[in-house]
K.L.:
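Below you'll find the structure I mean.
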Amino acid sequence: MSQATPYAVPKGLLLKADSIAAPFNAEVRESLASRPRPPKLVGILSTSSAPSRNYAEFTRRQCEALGVSFVLKEVGSARDADAADGEGVEDAIIEANEDASVDGIMVYYPIFGVQQDHYLQQVVSPFKDVEGLNFKFHYNLYHNVRFLEPKSLLASAPLGGSPSTSGDVPPPGTVKSILPCTPLAVVKCLENIGVYNTVLPYGDRAYGKTITVINRSEVVGRPLAALLANDGARVFSVDIDSIQEYTKRPPTSTRTFHPHHVVHPTSNTLEQCLGQSDVVISAVPSATYKVKTAWLKDGCVCVNVAADKNFETDVREKASMYLPAVGKVTILMLLRNLLRLLQYQDIISP
Ligand SMILES: Nc1nc(=O)c2c([nH]1)NC[C@@H]1CN(c3ccc(C(=O)N[C@@H](CCC(=O)O)C(=O)O)cc3)C=[N+]21
């Protein structure tokens, strides 16, 4: 008897954001071509944080490639090493709000800390809020409300929103709510690679998937966990000091309002979460943080959202697919948001 040839098990697929970004690139280019002038996005950098500056430069390159004007305003310690972090940031936001030539505003966080940063997010005009951080957008996201009346974005108008989740088409008189661009980019990537099942109805296409999201910041991790849970997934939201479970189908429901995700505590450890997750998304802003390959479920999908690589180099020994960077898709979502906000402004004051 001859000895059997050892069978080499193939590694997981290495995915590139470029091909996922392609249809959005075309959509944004087409939409830009219909505008009378190139839109202007202002980035406000007010700290000496390297990740923020890198992200701003990354944004500049993507904008320039598409013909969007990107202006970086440096204030505080970004402009002068002796100045304080965040010095002048509020004035810079107000100036950009009032400048009719500015179409979108991107403020780089963190600056002061959670509470004061949240205040600054509300200072940005909702019509220029390309990251969807205004309370109205935020509320809609967490409550699974996908549409709103454009006039509800005017300061004096009451909170608006149509609680429809039955489709992708806004009911008459409403437009799509603005979603934060990084979480939205991750959802678009998961749609593209088939984690979202298109046979299921819209708004429930992640049903049946267990997903771990590592990081619970207000810009990335928490909105992402909520979006995925609102689309039907069972989500473990992992942060440095706690793990929560988000689901639209809790075992005991006390729901009285429009269906959206609910949060409950879990006794699972990170290892137990990873062991049952079909998808693992990590967004930890640290060069040393690594998700242990040994803890992953065989055949899972891994997505790295952080600027640093949060997965070990052998991740594809376990993962069936690995997407190491989503930045290209993120910037396209940002520009898509910018173009939508311009349309909303046109509706209010044609
Ligand atoms: N309001 C706000 N929103 C943010 O989203 C935000 C922020 N503030 N402050 C700073 C952090 C940092 N951050 C980065 C994301 C991707 C890369 C990045 O370089 N991504 C490349 C990977 C580059 C590489 O592979 O080295 C990519 O995804 O293609 C860098 C930095 C966003 N942030």
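All ligand and atom numbering here is 1-based and tracks the order in the structure. What's counted below: heavy atoms across the whole structure, side chains too, no hydrogens, waters or symmetry copies. As the structure is a prediction and not an experimental result, all values here were calculated from the model. Residues take their numbers from the sequence shown, with the count starting at 1.
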K.L.:
Can you pull out the closest protein heavy atom to atom 25 (O) of ligand 1? Residue, atom name and distance to 0.1 Å, please.
P.N.:
K309 NZ, 3.1 Å
K.L.:
Can an N or O of V107 be found at a distance shorter than 3.5 Å from an N or O of ligand 1?
P.N.:
yes
K.L.:
Treating K248 as the side-chain partner and L228 as the backbone partner, does any N or O pair qualify as donor plus acceptor under 3.5 Å?
P.N.:
no
K.L.:
Take atom OH of Y207 as the centre, draw a 6.0 Å sphere, and report whether it contains more than 12 heavy atoms from other residues, nucleotides or ligands.
P.N.:
no
K.L.:
Please list, in number order, the atoms of ligand 1 under 4.0 Å from a heavy atom of V219.
P.N.:
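Taking each heavy atom of V219 in turn, ligand 1 has 3 (N) under 4.0 Å.
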K.L.:
Which residue and atom name correspond to the protein heavy atom nearest atom 12 (C) of ligand 1, and how close is it?
P.N.:
P51 O, 3.8 Å
K.L.:
Which atoms from ligand 1 have a heavy atom of V326 less than 4.0 Å away?
P.N.:
28 (O)
K.L.:
Can you report which non-hydrogen protein atom sits closest to atom 10 (C) of ligand 1, along with the distance?
P.N.:
S52 OG, 3.4 Å
K.L.:
Check the side chains of S101 and K40 for a donor-acceptor pair under 3.5 angstrom, ignoring hydrogens and angles.
P.N.:
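On atom types as modelled, these side chains qualify, holding a pair under 3.5 Å.
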K.L.:
In the complex you have, is atom 23 (C) of ligand 1 within reach of the protein, judged by whether a heavy-atom distance drops under 4.0 Å?
P.N.:
no
K.L.:
According to the interplanar angle, ranging from 0 to 90°, do the rings of Y139 and F135 count as parallel (below 30°), tilted (30 to 60°) or perpendicular (above 60°)?
P.N.:
tilted
K.L.:
Output yes when a side-chain donor or acceptor of R79 lies under 3.5 Å from a complementary backbone atom of L45, and no otherwise.
P.N.:
no
K.L.:
Suppose I only count heavy atoms of A325 and a 4.0 Å limit; which atoms of ligand 1 are within that range?
P.N.:
27 (C), 28 (O), 29 (O)
K.L.:
Side chain to side chain contact (heavy atoms under 4.5 Å, CB included), that's the test. Do R336 and E27 meet it? Break it down for me.
P.N.:
CA-CA 8 Å; R336 207 166 169 247; E27 180 193 320; 3.0 Å; yes
K.L.:
Measuring from atom 1 (N) of ligand 1, which candidate in E131, K328, E57 has the nearest non-hydrogen atom?
P.N.:
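Looking at heavy atoms only, the winner is E131.
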K.L.:
Given H118 and Y109, is the side chain to side chain contact (heavy atoms under 4.5 Å, CB included) satisfied, shown in steps?
P.N.:
CA-CA 10 Å; H118 188 257; Y109 298 104; over 6 Å; no
K.L.:
Just by distance, no angles: are the side chains of R216 and S242 close enough, under 3.5 Å, to form a donor-acceptor pair?
P.N.:
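Yes, S242 and R216 have a side-chain donor paired with an acceptor closer than 3.5 Å.
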K.L.:
Taking only heavy atoms of M106, which atoms of ligand 1 are found under 4.0 Å from at least one of them?
P.N.:
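Those qualifying, in numeric order: 1 (N), 2 (C), 3 (N).
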K.L.:
How close does the nearest protein non-hydrogen atom get to atom 19 (O) of ligand 1, and which residue and atom is it?
P.N.:
A307 CB, 4.4 Å
K.L.:
Under 4.0 Å, heavy atoms only, figure out whether ligand 1 is touched by the backbone of N54, its side chain, both or neither.
P.N.:
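Neither part.
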K.L.:
To the nearest 0.1 Å, how far is atom 28 (O) of ligand 1 from its closest protein heavy atom, and which atom is that?
P.N.:
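Nearest protein contact, heavy atoms only, for atom 28 (O) of ligand 1 is G327 N, 2.7 Å.
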K.L.:
Which one of Y108, Y55, Y109, F58 has a non-hydrogen atom at the shortest distance from atom 15 (C) of ligand 1?
P.N.:
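Nearest heavy atom to atom 15 (C) of ligand 1 lies in Y55.
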K.L.:
Among R37, K128, R340, which residue satisfies the salt bridge (charged side-chain N to carboxylate O under 4.0 Å, His left out) criterion with D103?
P.N.:
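The residue from R37, K128, R340 that satisfies salt bridge (charged side-chain N to carboxylate O under 4.0 Å, His left out) with D103 turns out to be R37.
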